[in-house]
Asks: 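Quick one: this structure, given as structure tokens, is what I'll be asking you about.
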Amino acid sequence: MAAVAQCVRAALRPRYPLLSFSLRTSPRLLCVATQQKNTGQNVEEDQSQSQNEQKVEPSSAEKMLTEEKTKLEEQLKEVTSFCKDLLEVADILEKATESVPKEEIKDENPHLKSLYEGLVMTEVQIQKVFKKHGLLRLNPVGAKFDPYEHEALFHAPMEGKEPGTIALVSKIGYKLHGRTLRPALVGVVKDA
């Protein structure tokens, strides 16, 4: 230890002639080192223990973020449920317009004509609102069957149709922001 102190003094003297010090071990440092040695702890263990204590108790910011995440998940469930309920309304409007015989819609029947036109306008408007909010129709007649977007109700052989394509749509499906909200209920062509 004394040799190291002399080397340090010799190296520092030419640059800093006024600086003279001695490297001696302080009795206080020895006491702290002895205590740590006797208890078997060191500074690194103390730091890791304090970090572990901090990890156990979440901060107020973490609690707030967790509460916000829970609220957002609940809102997402409510919005999805609301969208599914509106799909039923759209289905009823579509069935109502399809059920009116086209030959009965004439000027001699003004009440039926205005009622039919009102239903069509309402159906068009609800589809515009759906599209504006990312809710799109799936009417896959003639498309390839996709189990992520379609639900097969039956398979039937059909001449002139490629197996695996959709021949009939029983109920229109919908996607919300690219994810299937309700699969289209379809009939699929199979090999004869």
Side-chain angles (χ1 to χ4, degrees), residues 29 32-33 35-100 114-155 162-190:
L29 289 175
V32 172
Q35 287 174 351
Q36 288 177 349
K37 184 177 179 184
N38 289 340
T39 60
Q41 293 180 343
N42 61 26
V43 176
E44 294 168 359
E45 288 177 359
D46 290 341
Q47 289 176 350
S48 67
Q49 285 178 354
S50 66
Q51 288 174 353
N52 287 339
E53 290 172 3
Q54 290 174 356
K55 289 180 183 177
V56 172
E57 295 180 25
S59 67
S60 62
E62 289 174 344
K63 287 179 184 177
M64 193 169 68
L65 288 174
T66 304
E67 289 173 5
E68 186 69 22
K69 178 185 173 217
T70 304
K71 285 180 187 176
L72 290 174
E73 287 173 345
E74 289 174 13
Q75 288 177 352
L76 178 64
K77 288 178 186 176
E78 289 175 15
V79 167
T80 303
S81 174
F82 179 69
C83 287
K84 286 182 180 181
D85 291 344
L86 282 178
L87 297 182
E88 298 302 320
V89 173
D91 291 341
I92 291 169
L93 279 171
E94 185 179 5
K95 287 187 193 293
T97 56
E98 289 175 356
S99 68
V100 177
S114 64
L115 179 63
Y116 176 77
E117 289 172 353
L119 286 172
V120 169
M121 288 190 306
T122 305
E123 187 178 5
V124 167
Q125 186 62 34
I126 200 167
Q127 290 302 322
K128 281 182 184 177
V129 170
F130 284 176
K131 188 175 182 178
K132 177 182 174 183
H133 294 283
L135 189 60
L136 303 175
R137 288 171 58 119
L138 295 175
N139 190 359
V141 173
K144 281 284 195 185
F145 178 76
D146 181 357
Y148 295 107
E149 295 182 357
H150 315 126
E151 184 177 328
L153 297 176
F154 62 90
H155 289 82
E162 184 179 336
T165 58
I166 297 170
L168 175 78
V169 176
S170 175
K171 193 171 194 177
I172 302 262
Y174 284 89
K175 288 178 111 177
L176 179 61
H177 298 293
R179 292 185 172 190
T180 303
L181 184 64
R182 182 179 79 186
L185 304 178
V186 299
V188 182
V189 178
K190 73 172 187 173

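In this chain, residues are counted from 1 in sequence order. Treat the numbers as computed from the prediction; the structure is a model and nothing was measured.
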Asks: Return the minimal non-hydrogen interatomic distance between Val189 and Ala167, and the atom names on each side.
Replies: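 What the structure gives for the nearest pair is CG2-CB, 3.7 Å.
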Asks: Can you run down the side-chain hydrogen bond (donor to acceptor under 3.5 Å, both in side chains) pairs that involve residues 131-141, sequence neighbours left out, and say none if there aren't any?
Replies: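 side-chain hydrogen bond (donor to acceptor under 3.5 Å, both in side chains) check on residues 131-141 returns no pairs.
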Asks: Test: ring-ring contact (aromatic ring centres under 6.0 Å, His included). Region: residues 67-92. Which pairs qualify, not counting sequence neighbours?
Replies: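 Counting only pairs at least two positions apart or across chains, no ring-ring contact (aromatic ring centres under 6.0 Å, His included) contact touches residues 67-92.
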Asks: Measure the shortest side-chain to side-chain distance between Lys84 and Leu181 over non-hydrogen atoms and say whether it is less than 4.5 angstrom.
Replies: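 Yes; the side chains approach each other to less than 4.5 Å.
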Asks: Say you draw a straight line from NZ of Lys171 to CG of Leu87; how long is it, rounded to the nearest 0.5 Å?
Replies: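 Between Lys171 NZ and Leu87 CG, I get 8.5 Å after rounding to 0.5 Å.
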Asks: Going from CZ on Phe145 to CD on Glu151, what distance comes out if it is rounded to the nearest 0.5 angstrom?
Replies: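 Taking CZ in Phe145 and CD in Glu151, the distance rounds to 8.5 Å.
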Asks: On a heavy-atom basis, which atom in Leu93 and which in Leu119 lie closest, and how many Å separate them?
Replies: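 Minimum heavy-atom contact is CD2-CD2, 3.7 Å.
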Asks: Taking side chain to side chain contact (heavy atoms under 4.5 Å, CB included) as the definition, give me every residue that meets it alongside Pro140, ordered by chain and number, with sequence neighbours left out.
Replies: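 So Pro140 forms a side chain to side chain contact (heavy atoms under 4.5 Å, CB included) with Ala143, His150, Ile166, Val169, Ala184, Val186.
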Asks: By the side-chain hydrogen bond (donor to acceptor under 3.5 Å, both in side chains) test, which pairs, at least two apart or in different chains, include something from residues 69-83?
Replies: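 Not a single pair qualifies under side-chain hydrogen bond (donor to acceptor under 3.5 Å, both in side chains).
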Asks: Could you list the residues that satisfy ring pair (Phe, Tyr, Trp, His ring centres under 6.0 Å) with Tyr174, not counting sequence neighbours?
Replies: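 Counting only residues at least two positions away or on another chain, Tyr174 forms a ring pair (Phe, Tyr, Trp, His ring centres under 6.0 Å) with Phe130.
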Asks: Minimum heavy-atom separation for Lys144 and Pro163, please, with both atom names.
Replies: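 Result for this residue pair: NZ-O, 3.5 Å.
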Asks: If you round to the nearest 0.5 Å, how far is CD of Glu67 from CG of Leu65?
Replies: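 Those atoms lie 9.5 Å apart.
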Asks: What's the separation between atom OG1 in Thr180 and atom CG in Leu138, rounded to the nearest 0.5 Å?
Replies: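 That separation rounds to 6.0 Å.
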Asks: Filter on salt bridge (charged side-chain N to carboxylate O under 4.0 Å, His left out), then keep only pairs touching residues 172-186, sequence neighbours left out; what's left?
Replies: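 Listed once each, the pairs are Glu88-Arg182, Asp91-Arg182, Glu149-Lys175.
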Asks: Using 0.5 Å steps for rounding, measure from the CD atom of Gln127 to the CG atom of Leu136.
Replies: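 That separation rounds to 9.0 Å.
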